[in-house]
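Just so it is clear, the model here is predicted, and its values are computed rather than measured. A, B, ... follow the sequence lines: proteins, then strands. Residue 1 opens every chain. What you see below is based on every heavy atom in this structure, not just the backbone, and it leaves out hydrogens, waters and symmetry mates.
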Protein chains: 2
Amino acid sequence: MPKVDDVDVMLLALLQQDATRSYASLGAAVGLSAGAAHDRVRKLRERGVIRGTRVDVEPAAVGRGVLAFVMVESTSWMGDSAEAFAAVPEIQEAHVIAGSASVLVKVRTATTEQLQDVLRRLYAIDGVSGTQATVVLETFFERPLLPSPEGDAEPA
Amino acid sequence: MPKVDDVDVMLLALLQQDATRSYASLGAAVGLSAGAAHDRVRKLRERGVIRGTRVDVEPAAVGRGVLAFVMVESTSWMGDSAEAFAAVPEIQEAHVIAGSASVLVKVRTATTEQLQDVLRRLYAIDGVSGTQATVVLETFFERPLLPSPEGDAEPA
DNA sequence: GTTGAAATACGAAGGCC
DNA sequence: GGCCTTCGTATTTCAAC
């Protein structure tokens, strides 16, 4: 199984910024033909490096303007509780963490009342002994993993 | 300025799952022609409801296998420090929060050594008085805002 | 990895409800 | 105003080199 090389990383960075670009312009940016660029991207998809292509939706526009992070404390091992958290649709992310709390979840709701209701449903999960919610006042930024390619890929 | 209606939400949900779908199949899923679906999606982009289209990259494949959340405490107002956080490329998200800490950041690095280096750079930001890092042991899930359409959109 | 050709999808225009 | 159909064009996708 081949590794991700520099050209692959460049393609990934470009596609993280805008996945609607044509393979022709993609190839031109990294010094490849459209066919070769297409082939590389196809292989990145097959290998699971690219997990999918999705639109980025403004949360407030779909009634999810309130963002909060919740530390979920528990009395028992939570490693098998993924589905219990997934059953709460307002939870966008759930991570098992090292530290005093067991699980950290990222929650988006329309209102703080709905946030409170999510906390209630979190308490209802087996083993959950407490929650500590932190409401976000302002999001500085949310961005892709790879840095945007500022200089072009192909110097003379 | 028109609101986002039910059909729009369905389109957004489908495009959050897979933005490579054709407008024809998209339209079929919501009971519209390809042209009408295309028109709606174009307007959603124009209005900023769709902020962009991006590929979802497996972090471990690009040397970002370590995930941590860091609470950044400060002695002064951090509301104007967005660029200072943005200058650290390993920071994927930065949010101003209510509570004892001032800023919550999501960090992805290759190793815990690099995570330590990020903490060092956070301390170097003006006004930062302390950090509290929480390392993620396992990610249960990270998913789009809108629930996946399970039943089809067009019952007989 | 490149080139070239066929199938497909995009994106715009015009008419209809 | 929103939706449908049609058309020209660009893009994808696959073949052979």
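For the segment residues 35-46 of chain A, the set of residues with a heavy atom within less than 4.0 Å of an atom of DNA chain D comprises A:His38, in numerical order.
B:Trp77 forms part of no hydrophobic cluster, judged by ILVMFWY side-chain heavy-atom separations under 4.5 Å.
Salt-bridge annotation for B:Arg47 and A:Glu58: absent, with no side-chain N of the basic residue lying under 4.0 Å from a carboxylate O of the acidic one.
At whole-Å resolution of the value, OH in B:Tyr23 and P in D:dT12 are 13 Å apart. Following rounding to the nearest Å, A:Leu26 (CG) and C:dG1 (P) show an atom-to-atom distance of 13 Å. Separating the CZ atom of A:Arg21 from the P atom of D:dA10 is a distance of 18 Å, rounded to the nearest angstrom. When the C1' atom of D:dT12 is taken as reference, atom CG of A:Leu32 falls 17 Å away, rounded to whole Å. The CG-P distance, from B:Asp8 to D:dG2, rounds to 10 Å in whole Å.
As judged by a 4.0 angstrom heavy-atom cut-off over every strand, A:Ser22 is placed among residues touching the sugar-phosphate backbone only.
Listed by first and then second residue, the side chain to side chain donor-acceptor pair (under 3.5 Å) pairs involving residues 64-76 of chain B are B:Ser74-B:Ser102 (not counting sequence neighbours). Within the structure, salt bridge (Lys or Arg N to Asp or Glu O under 4.0 Å) pairs that include any residue of residues 20-30 of chain A do not occur (at least two apart or interchain). Pairs passing the ring-ring contact (aromatic ring centres under 6.0 Å, His included) check and including a residue from residues 16-51 of chain A, sequence neighbours excluded, read A:Tyr23-A:His38. Identified under the ring-ring contact (aromatic ring centres under 6.0 Å, His included) test for residues 87-106 of chain A, with sequence neighbours left out: A:His95-B:Phe69.
Take A:Asp39 and apply the salt bridge (charged side-chain N to carboxylate O under 4.0 Å, His left out) test, not counting sequence neighbours, and it matches A:Arg42, A:Lys43. Taking the salt bridge (charged side-chain N to carboxylate O under 4.0 Å, His left out) definition, one finds that B:Asp8 meets it with B:Arg40, sequence neighbours left out. With sequence neighbours excluded, the residues satisfying side-chain contact (heavy atoms from CB on, under 4.5 Å) with A:Ser22 are A:Ala24, A:Ser25.
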Which atoms of nucleotides 14-17 of chain C (N or O only) lie under 3.5 Å from a protein N or O atom, and what are those distances?
none

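Rounded to 10 degrees, the angle separating the terminal axes of the helix from C:dG1-D:dC17 to C:dC17-D:dG1 is 30°, with each axis obtained from five end pairs.
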Pairs of donor and acceptor atoms involving the side chains of residues 140-147 of chain A, under 3.5 Å and at least two apart or interchain, shall be tabulated with distances.
residue, atom, partner, partner atom, Å
A:Glu142, OE1, A:Arg108, NH2, 3.2
A:Glu142, OE2, A:Lys106, NZ, 3.0
A:Glu142, OE2, A:Arg108, NH2, 3.0
A:Arg143, NE, B:Ile91, O, 2.9
A:Arg143, NH1, B:Ala86, O, 2.9
A:Arg143, NH2, B:Ala86, O, 3.2
A:Arg143, NH2, B:Val88, O, 2.7
A:Arg143, NH2, B:Ile91, O, 2.8

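Remark: of the listed residues B:Thr134, B:Val103, B:Val105, B:Ile97, B:Ile97 is the sole one forming a side-chain contact (heavy atoms from CB on, under 4.5 Å) with B:Met71.
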